[in-house]
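Below you'll find the structure, written out as structure tokens, and then a few comments.
Here is how names work: the chains are called A, B, and so on, in the same order as the sequence lines, proteins then strands, and each is numbered from 1. Predicted model only: the values in this text are computed from it and were never measured.
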Amino acid sequence: MKKELSKAYIPADHEDEIYSEWEKSGYFNPDNLDCVKDAEYYSIVMPPPNVTGILHLGHATILALQDILIRYNRMLGKKTLWLPGTDHASIATTTKIELLLKEESLTRHSLGREKFLKRLTYFAQESHDTISKQIKKMGSSCDWSREAYTLDKTRSKTVRAVFKLMHDDGLIYRGDRIINWCPRCQSTLADDEVNHELQHSILYTFKYSKDFPFSVSTTRPITKLGDTGIAINLKDERYNKHLGKTIKTDFVGIPLELKVVADRSIDMEFGSGAVGVTPAHSFTDWKIMEDHGLKTIKVINEQGLINENFGEFSGKTVKEAEILVINKIKEAGLLIDETEIENNIGICYRCHTHIEPLPSLQWFIDVNKKIEKFDKSIKEISLDAVSTGVLGKSKINIIPTNFEKTYFNWMDNLRDWCISRQIWFGHRIPVWYKNNPNLEILNSKHNQDIHVGIEPPEGDGWTQDKDTLDTWFSSGLWTFSTMANAPEQITIQNGKIEIDNADFKNYHPTNVLETGRDILPFWVTKMILMTIYATEDIPFKDVYLNGLVLDEKGQKMSKSKGNAIDPLNMIEKYGTDATRLSVVIGTSPGNDVRLGESKIANFRNFTNKLWNIARYILSTYDLDAKTKITEINKLTLADKWILSKLNNLIVDTDSALDKYQFSLAGENLRDFCWNDLADWYLEVAKFEKTKSKPIILNHILEVILKLWHPFMPFITETIWKELNKKQLLMVQSWPKPISVITNESSTTAKKNFGTIRSIITNIRNIRSQYKVSPTLKIKATIYTKGDLDFIEKSKNIIKSLKTGLEEIAIQEKGEKIKNTVYFNVGSVEVYLEIPNLNLEAEKKRLQLEMKNKNSVITRLQSKLNNEDFVNNAPHDIIKLEREKLGLWTNELEQIESQYNNL
RNA sequence: GGAUGUAUAGCUCAGUUGGUUAGAGCGUCACGUUGACAUCGUGAAGGUCAGUGGUUCGAGUCCACUUACGUCCACCA
């Protein structure tokens, strides 16, 4: 039955309906898939978007690429799981809710921990529904029945278990370390939560006391009260005689003991060339302190006030004390120089307060400590995992491979990881204290009983640590924590995390992690580190990193700049399929993409083209789905040509997708559909009406729908329904090349039809070049030495396809025809008789051709005359070049004789 | 300062392990189009592959240096 489809494809009419059909079918859940018994498992765990997030083009890219992999592997017949989830993102979410509270003139402190968390949880739940709806809008075929949340009960248990495991192994320690402290937020900040801002400051150069042998320079004189050393460059002859000495002095009334040390980081040219080392309030100085065994004196406290024991400075704010110190320096006549300089200063990314580097009692993960069971540190294990493979597992591949360098660089420089945050929302640190008189500020190590455990300790008087864990701690466990579906399944056994269920055995390690290249350092490294440690297995076999989506000018998209493209808006306007294609085609791994709305509109045109291909086929042919293509006994040249092209297309798509070459796969598919199928085969079929066309076209249509499905799930499923199929396209088996034509006949078919195509193209070309009126009929004479047969058979096609030929004469090689336009395709020579031909124009055209061919021939000849080439190049290459030369020379001769004949 | 990436047509980018005359999409221009196509078709113009040097019979592809732009990290006493 022939069938009429609507004139254009309107995505909004189909997408929601199709998605709910998929959901109802249950096939997103691999347990419901009808796979063979020993089918392979394939799994991806979705990088969890922030629970309060809104879908942006970065998500859209990540989701589209993963969905392609998932749908492809599902159609290949694998047990395919895509596990979705969301991240609680403690800091981002806290910031959001604080903004909301601000509108009501509330703060988290005025609200109190309990009420604050209650509001936040409610808010997170509401937002969660928004982001998951948006994930569905993208057509993501993930298994919602297994959805996870980084802060739900099961994930929390995993977090506590891993914390305990690491603590027992001595990897987690509590210590005084220098950290970024925001005095306003009253919290530590991770390094990546600190922004740097350029500002003008005054660089003071002065001596600690009159007779002091060095002068030092600083922009923050107040911190000098905590100096415990002087650092110089080893090569600095002015100072190196003092090396190793400890100098006692009195600085504005405060006694200091300063040890002179040499450090590579000191620039002799900057300031006086000597640096007062303040370990407590500078990261570089902290490192110098560690390297040279200096003391630490803390000047500024967590409230931003000067500590006790600093005489008149104590209790003052940093600003007040700063002024006081400067005045004192000036009064005492110690100041040598004041200059204005520009320097970078750390700013809290949330509230813009200057951060204070402070030593503070925090929880850390020791990345260099040797773990007994591995006899290596987690840092070493993580390096091995990507370089050589670890614990007998194959190595993790990062795609593109050059990002492995970034990974190694990052890992090499990994410092102990501060995992505690003074934020309320998140996984509370599973540590309980007893007999602590000062629980508000947990800064005292004295008189504490400590319990570290998955569950709280029994008995009274225990109080849990007030801090929460860095969000990345729980995201680092994501690939395996998501495999559990109840807290009871998670246990510690033989020093590692065990999850007692089938999913963990079947789907972990996952096959690939697909995510944005920007979070390689933060997230990917931590997943590798944590997972190998906790489960003694890798989290994933491959990592595919996609680039960032930039605007048309190459700038980052952001709401504040107003250059952000909202994918939901695009989906509404152009459809999900077009939006997906626009972030997949024209992108390559790790490289950023520039994307404008016009690109999406362009892919909308293609979806419409595909729709019209289907519409045309369905309305013109009474498709035959019952007869197998292998049962056809007579195929025309064009049939063989398109079928062999289709075979290649399947093979190429497979190989591209297996290598994560999404863009290449998409481009090949588009080329086939648009150029080969629509522009050629369907056009030929208009004139070449054979009985087998309904079978062949049905076959081609089914195959391209299957091949396109991972890329454009909605439109392909919609068309599939129009084919009156009972089963969903999403669970059809992936197409394989057909053996209906042998390799030999397919190559000749492709070559011969290619010749026909070339002849037609040339004729059209010449008509347009000489501005031959479309109504004017012209005559062609075709000479060919060898096989006349295929041209004879394709005569009607040549005539019909917009060539405007009246007559075609085909004969074996004869004499030149005067006053004609000549061209050749391989050994086939074609003469066109065009009435009122402009001979001068034709002469010019032939001259140009001769010039082109001549230059190529000259180059080939000089190459073949080169002795080095002849002696050293591989034989087949030389042979190829000789053949080429012969061919070109031959063609040149023919053009020359035609030129003379004019 | 450390690391890393990019440079190919007017624009956005492909270009697999070195090997036919370096490709695609968009844009531009010309011609055509009343029946599958919010158009579509046919074609044209447009490239010292950033520069210099090297390896090789052969380099867009490998190596070194130079230039320009970018990203990440660290940091500016």
Please pick, from [options], the nucleotide with the shortest atom-to-atom distance to any side-chain atom of [X].
| X | options | result |
| --- | --- | --- |
| Asn402(A) | G5(B), A3(B), U39(B) | G5(B) |
| Arg415(A) | A36(B), G41(B), C75(B) | C75(B) |
| Val275(A) | G2(B), A77(B), C40(B) | A77(B) |
| Ser588(A) | A36(B), C13(B), U4(B) | C13(B) |
| Trp674(A) | A77(B), C40(B), A36(B) | C40(B) |
| Ala8(A) | G5(B), C40(B), A38(B) | A38(B) |
| Lys405(A) | C40(B), U4(B), U39(B) | U4(B) |
| Leu682(A) | U42(B), A77(B), A36(B) | A36(B) |
| Arg604(A) | G2(B), A36(B), U39(B) | U39(B) |

Rounded to the nearest Å, what distance is computed from the [atom1] atom of residue [X] to the [atom2] atom of nucleotide [N]?
| X | N | atom1 | atom2 | value |
| --- | --- | --- | --- | --- |
| Ile178(A) | C75(B) | CD1 | C1' | 13 Å |
| Asn413(A) | A3(B) | CG | P | 10 Å |
| Trp611(A) | C40(B) | CH2 | P | 18 Å |
| Lys7(A) | C37(B) | NZ | C1' | 8 Å |
| Phe603(A) | C26(B) | CZ | C1' | 10 Å |
| Ile600(A) | U12(B) | CD1 | C1' | 14 Å |
| Asn602(A) | C26(B) | CG | C1' | 6 Å |
| Ile585(A) | C13(B) | CD1 | P | 15 Å |

Indicate, with a heavy-atom threshold strictly under 4.0 Å, whether [X] touches base, sugar-phosphate, or nothing.
| X | result |
| --- | --- |
| Asn591(A) | sugar-phosphate |
| Asp518(A) | nothing |
| Asp679(A) | sugar-phosphate |

Identify the heavy atoms of [X] and [Y] that sit nearest to each other, and give their distance.
| X | Y | value |
| --- | --- | --- |
| Pro400(A) | Leu545(A) | CD-O, 4.0 Å |
| Ala665(A) | Thr653(A) | CB-CG2, 4.4 Å |
| Arg517(A) | Leu548(A) | NH2-CD1, 3.5 Å |

* Tell me yes or no: between the side chains of Thr61(A) and Asn546(A), is some donor less than 3.5 Å from an acceptor? =>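 On atom types as modelled, these side chains do not qualify, holding no pair under 3.5 Å.
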Which whole number of Å gives the distance between the [atom1] atom of [N] and that of [M]?
| N | M | atom1 | answer |
| --- | --- | --- | --- |
| U4(B) | U42(B) | C1' | 46 Å |
| U71(B) | C31(B) | P | 46 Å |
| G5(B) | C57(B) | C1' | 33 Å |
| A50(B) | G2(B) | C1' | 26 Å |
| U28(B) | C11(B) | P | 15 Å |
| C49(B) | G60(B) | P | 7 Å |
| A14(B) | A9(B) | C1' | 13 Å |
| C63(B) | G23(B) | P | 25 Å |

* Positions of residues 215-229 of chain A (non-hydrogen atom under 4.0 Å from RNA chain B), listed by number ->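 Result for residues 215-229 of chain A: Ser217(A), Thr218(A), Thr219(A), sorted by number.
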* Can you list, by residue number, the residues of residues 652-671 of chain A that have a non-hydrogen atom closer than 4.0 angstrom to RNA chain B? ->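 By residue number: Arg670(A).
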* Short side-chain N/O contact from Arg594(A) to OP1 or OP2 of C11(B), under 4.0 Å ->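 Arg594(A) to C11(B) OP1/OP2: no side-chain N or O under 4.0 Å.
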* Taking the six-membered ring of Trp417(A) (Phe, Tyr or Trp), confirm whether the NZ or CZ of Lys526(A) is under 6.0 Å from its centre and within 45° of its axis. =>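 Yes, cation above the ring, under 6.0 Å and within 45°.
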* To do: Report yes or no: is the cationic atom of Lys686(A) (NZ for Lys, CZ for Arg) closer than 6.0 Å to the six-membered ring centre of Tyr616(A), at no more than 45° off its axis?
  =>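 Checked: cation-pi criterion met.
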* Asked: What stems, by residue range, does RNA chain B take part in, given at least 3 consecutive Watson-Crick or G-U pairs under 3.5 Å?
  ->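 Runs of three or more consecutive pairs: B:1-7 with B:67-73, B:10-13 with B:23-26, B:28-32 with B:40-44, B:50-54 with B:62-66.
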* **Check: Trp708(A) ring centre within less than 6.0 Å of Phe711(A) ring centre** =>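 So the answer is yes for these two rings.
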* Asked: Mind checking whether Phe403(A) and Tyr544(A) have ring centres under 6.0 Å apart?
  ->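 Aromatic pair excluded; centres sit 6.0 Å or further apart.
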